[in-house]
Protein chains: 2
Amino acid sequence: MHPAQLPAFLQAAGIRPTRQRAALAAILFDGAPKHMTAEQVHAAARTRRSKVSLATVYNALHQFTEAGLLREVLIDSARVYFDTNTDAHHHFFDEASGDLHDIPAAAVKLARLPKPLKGRKVARVDVIIRLC
Amino acid sequence: MHPAQLPAFLQAAGIRPTRQRAALAAILFDGAPKHMTAEQVHAAARTRRSKVSLATVYNALHQFTEAGLLREVLIDSARVYFDTNTDAHHHFFDEASGDLHDIPAAAVKLARLPKPLKGRKVARVDVIIRLC
DNA sequence: GTGATTGCAAATCTTTTGCACTAAA
DNA sequence: TTTAGTGCAAAAGATTTGCAATCAC
């Protein structure tokens with residue numbers, strides 16, 4: 001996305017477009033899908049000489065997630081990945097390299113999913129294929 | 001499993017059956033499938049008046065996992081669950097209560113799984129159905 | 001005995017929080 | 001203005017580590 005569009009993009013998501021949030025959005029929503037940790041986003045901001053504190057990175061990532069702009073992916077106990085692809089899809093995780101790759105939802109077919117317990121709705125289904 | 005069988009059980013898995021490991025195995029492998037965190041195992045040991053340090057709990061859980069007696073399940077970024085069910089199966093995670101429930105592998109049908117990248121083998125497939 | 005295991009406390013790492021300061025509307 | 005957002009440093013949790021003491025074989 002063009003940097004100039006970011007403030008409007010954030011505003012449309014109900015997020016006040018501050019300088020820091022626009023800088024982080026520019027890193028995350030440049031068009032290429034990404035899976036980044038908070039630390040990686042922070043490092044990327046530093047590389048671009050965007051002054052944003054780590055606490056603000058965490059705040060922003062959670063706000064973006066809550067607004068549906070990002071999605072958390074839990075692969076590794078050590079850290080949370082934030083995925084810019086919020087469509088239903090799944091993941092390959094390469095244990096050797098630590099790389100995460102998207103699998104389009106259509107590539108996986110879930111048949112005979114059991115019914116959730118009474119009163120509960122399925123929020124999301126995650127499929128993680130671990131490779132070694 | 002009967003407590004008296006635990007030493008042999010551990011030994012069969014290539015693990016030296018120390019007092020602490022037998023005490024932890026008694027908590028974990030009592031027959032009922034469980035999903036426990038290190039802290040929960042530690043608390044259970046304390047309740048039974050088995051003196052085991054938290055560091056030893058972590059050591060033992062990882063050794064049991066490496067030996068194939070347990071399986072790690074990542075659901076929540078805050079902690080790792082150790083599952084006594086090492087057969088292929090999946091999980092319901094109730095976000096409201098934090099409860100984790102097993103789904104037998106047969107209840108989920110994965111069709112059209114994409115081929116892993118060249119040279120890589122599928123180590124394991126995790127399906128997590130998050131309920132709200 | 002001898003090497004593996006344990007306990008403890010300190011260290012590490014990720015993430016959160018409290019609060020004074022600053023910026024957006 | 002007035003409220004939301006930010007930065008910093010400290011706190012919180014989970015997990016790991018270093019090392020001397022202890023245990024299994």
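When reading the values below, keep in mind they use all heavy atoms of this one structure, side chains included, and skip hydrogens, waters and symmetry mates. In what follows, chains carry the letters A, B, and so on, assigned in the order in which the sequence lines appear, proteins first and then strands, with residues in each chain numbered from 1.
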- request: Work out how much the helix from C/dG1-D/dC25 to C/dA25-D/dT1 bends between its end axes, five pairs an end, to the nearest 10 degrees.
  value: 30°
- line: Between B/L24 and B/A45, the two heavy atoms sitting closest are CD2-CB, 4.3 Å
message: Keeping A/R21 on the side-chain end and A/A60 on the backbone end, is there a donor-acceptor pair under 3.5 Å?
response: no
Heavy-atom donor-acceptor pair, B/R130 side chain to B/I75 backbone, under 3.5 Å: yes
message: Within this structure, what is the CG-CZ distance for the pair B/L131 and B/F93, rounded to the nearest 0.5 Å?
response: 9.5 Å
message: Please find the pair of heavy atoms, one from B/S77 and one from A/V80, that lie closest to each other, and give the distance.
response: CB-CG2, 3.3 Å
Covered region of DNA chain C, 5' end to 3' end, by chain A [heavy atoms, under 4.0 Å]: C/dT14 to C/dA25
field: nucleotides 2-15 of chain D: protein proximity per nucleotide (B base, S sugar-phosphate only, - neither; heavy atom, under 4.0 Å)
entry: --SSSBB-----SB
- prompt: Do B/H2 and B/F9 make the cut of ring centroids closer than 6.0 angstrom?
  reply: no
- prompt: Is there a donor-acceptor pair closer than 3.5 Å between any side-chain N or O of B/T84 and the backbone N or O of B/F29?
  reply: no
query: Given B/H35, which of B/D102, B/D99, B/N85 fulfils the side chain to side chain donor-acceptor pair (under 3.5 Å) condition?
result: B/D102
query: Within the side chain of B/R19, is there an N or O that forms a donor-acceptor pair under 3.5 Å with the backbone of B/S50?
result: no
- request: Using side chain to side chain donor-acceptor pair (under 3.5 Å) as the criterion, point out the one residue from B/H91, B/H90, B/R71, B/H89 that pairs with B/D126.
  value: B/R71
